[in-house]
Amino acid sequence: AEAANFPFCTIEPNVGIVSVPDERLAALSEISASKKVLPATFEFVDIAGLVKGASEGEGLGNKFLSHIREVDSIVQVVRCFEDEDVVHVDGVVDPVQDAETINLELALADMAQVERRLERLKKEGRNPKEKEAAAVETEALKRIMEALEDGRAARTVELDEAAAERVRGLQLLTIKPLTYAANVGEADLADGGASNEHVAAIREKADAEGSNVILICAQMESELLELNEEERDEFLSEAGVEDSGLKNLIRATYDQLGLQTYFTTGEQETRAWTIKKGMTAPQAAGVIHTDFERGFIKAETVSFDEFVQGEGWGGAKETGKLRMEGKEYVVSEGDVMLFRFNV
């Protein structure tokens, strides 16, 4: 991906598809002797940084904000290391101030959008067919506006399902889940950033907001890309960490979005599928193909641990661990499933 040491040198977003790390895939693949292994994937969109005034177009802000509207979750990369050779747009390293600058611009953009929507709702409310729905949305947006004016994000406002559905179409920026990625030096990784005052400051801010903080070392992540698996493991061990910051960030974001994994496995392939927590078996089947959901009959289901203990479908059936689940079954994290359908 293109990178630069000065603001506004990068404009268009960089898009990367990354695999969700999951050690369970190897175990399932080995038992099933699968020809292919397909992990779940995650799309990261790297958007250039915002500066003060972005909500009014400063520093190409309108273009950057439009890119942010299209994502499901926001990861703010905040600088937590000192290096005179790496320019900071404000001339000083202050991750809390950086985060507050970004959050303020996101909030100002949301306030402008909410104001415009409230004006339109006045007209929609005059239509008898739209009156009730418009009233629900108006009440929700007024509560969101109060929060924004009070310095709180839209995500802090609790909405019922009907109100949330009405508001969702606005793609408000501060309603999206937020994670801070603290970009540190390699020396800070071993103690989890405990001795870094910048990390401590951003963690305090995140705790107050109900957000997450994940440590990454962008320089090290770049170097890891050049190594094979054995070399990467040795590199991480020497740095005093078990996993790369990117892997930790993927897992944290995956969980923050309320996602979970179920598996299908057989001789042809072992695959991880991503679904929303709370999805039923037919909905999970629909992620594979809409015909699976439309013609759903039953789902042969076994937990990952029981599948491994039984060394496959046959062993799980012999030990009575294999279950036949119907349309009301809510899929659990790590279920191994085989769908039966008819269309």
Side-chain angles (χ1 to χ4, degrees), residues 1-14 16 18 44-55 58-61 63-65 67-68 71 73-107 153 173-174 176-209 211-225 236 239-241 243-250 252-253 256:
E2 183 184 3
N5 196 21
F6 299 95
F8 318 130
C9 294
T10 56
I11 298 174
E12 294 303 320
N14 294 307
V18 297
F44 276 96
V45 183
D46 178 20
I47 299 167
L50 299 179
V51 296
K52 186 176 181 180
S55 59
E58 183 72 23
L60 302 174
K63 189 175 184 67
F64 296 158
L65 289 171
H67 294 317
I68 299 174
V71 304
S73 177
I74 296 174
V75 177
Q76 285 188 33
V77 181
V78 290
R79 177 173 170 177
C80 294
F81 66 91
E82 303 281 353
D83 189 334
E84 293 180 358
D85 294 330
V86 181
V87 175
H88 190 289
V89 68
D90 292 328
V92 62
V93 177
D94 187 343
V96 171
Q97 183 60 52
D98 292 345
E100 288 178 350
T101 295
I102 295 172
N103 291 340
L104 175 60
E105 295 304 323
L106 299 182
L173 301 170
T174 67
K176 301 176 187 294
L178 172 64
T179 295
Y180 294 109
N183 188 11
V184 300
E186 186 177 327
D188 290 314
L189 294 175
D191 69 353
S195 56
N196 185 315
E197 62 179 353
H198 299 310
V199 173
I202 198 66
R203 278 177 171 157
E204 183 177 352
K205 176 176 176 59
D207 287 343
E209 297 174 347
S211 302
N212 297 329
V213 175
I214 300 295
L215 259 60
I216 63 169
C217 175
Q219 178 62 41
M220 190 176 82
E221 296 294 332
S222 176
E223 294 172 0
L224 286 172
L225 292 175
L236 291 170
V241 293
D243 276 325
S244 70
L246 178 59
K247 282 188 176 182
N248 292 330
L249 181 59
I250 294 168
T253 308
Q256 188 183 58

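Counting begins at 1 with the first residue of the sequence.
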* **Residue list, side chain to side chain contact (heavy atoms under 4.5 Å, CB included) with Ala239, at least two apart or on another chain** => Glu186, Met220, Val241

* Asked: Is any side-chain heavy atom of Lys247 closer than 4.5 Å to a side-chain heavy atom of Ile214?
  -> no

* Asked: Sub-3.5 Å donor-acceptor pair from the side chain of Asn183 to the main-chain atoms of Ala218, do we have one?
  -> yes

* To do: Output all residues satisfying side chain to side chain donor-acceptor pair (under 3.5 Å) with Gln256, sequence neighbours left out; order by chain, then residue number.
  => Ser73, Thr179

* Asked: So which heavy atom on Leu178 is nearest to which on Ser211, and how close?
  -> O-CB, 3.5 Å

* Heavy atoms only: give me the nearest Ala99-Tyr180 pair and the separation to one decimal. => CB-CE2, 3.6 Å

* Is there any side-chain hydrogen bond (donor to acceptor under 3.5 Å, both in side chains) pair reaching into residues 212-222, and which pairs are they, with sequence neighbours excluded? -> Gln219-Glu223

* For Glu204, does the CD atom have more than 12 heavy-atom neighbours from other residues, nucleotides or ligands under 6.0 Å away? -> no

* Considering all heavy atoms of both residues, which atom of Lys176 and which atom of Val71 are nearest to each other, and what is their separation? -> NZ-O, 2.7 Å

* **Contact summary for Ile202 and Pro95, nearest pair of heavy atoms** => CD1-O, 3.9 Å

* Asked: Considering only heavy atoms from C-beta outward, does the side chain of Leu224 approach that of Leu236 to under 4.5 Å?
  -> yes

* Considering residues at least two apart in sequence or located in another chain, which fulfil the ring-ring contact (aromatic ring centres under 6.0 Å, His included) criterion with Phe44? -> Phe42

* Yes or no on side-chain contact (heavy atoms from CB on, under 4.5 Å) for Ile216 and Leu246, after CA distance, side-chain angles and deciding distance? -> CA-CA 7 Å; Ile216 63 169; Leu246 178 59; over 6 Å; no

* **side chain to side chain donor-acceptor pair (under 3.5 Å) involving Asp191 - partner list, sequence neighbours excluded** => Ser195

* **Ala201: partners by side chain to side chain contact (heavy atoms under 4.5 Å, CB included), with sequence neighbours left out** => Val96

* **Working for side-chain contact (heavy atoms from CB on, under 4.5 Å), residues Ile74 and Leu106** => CA-CA 11 Å; Ile74 296 174; Leu106 299 182; 4.1 Å; yes

* Start with the C-alpha distance between Glu209 and Asn103, add both sets of side-chain angles, then the distance that settles side-chain contact (heavy atoms from CB on, under 4.5 Å), and finish with yes or no. => CA-CA 11 Å; Glu209 297 174 347; Asn103 291 340; 3.7 Å; yes

* Asked: Can you name the residues that form a side chain to side chain contact (heavy atoms under 4.5 Å, CB included) with Ala107, not counting sequence neighbours?
  -> Leu148, Thr174

* Asked: With Asp207, which residues qualify under salt bridge (charged side-chain N to carboxylate O under 4.0 Å, His left out), at least two apart?
  -> none

* Structure fact -> Sorted by chain and number, sequence neighbours left out, side chain to side chain donor-acceptor pair (under 3.5 Å) with Asp188 holds for Asn196

* Spacing of Cys80 atom SG and Asp98 atom CG [to the nearest 0.5 Å] -> 8.5 Å

* **Partners passing side chain to side chain donor-acceptor pair (under 3.5 Å) against Glu82 (at least two apart in sequence or in another chain)** => His198

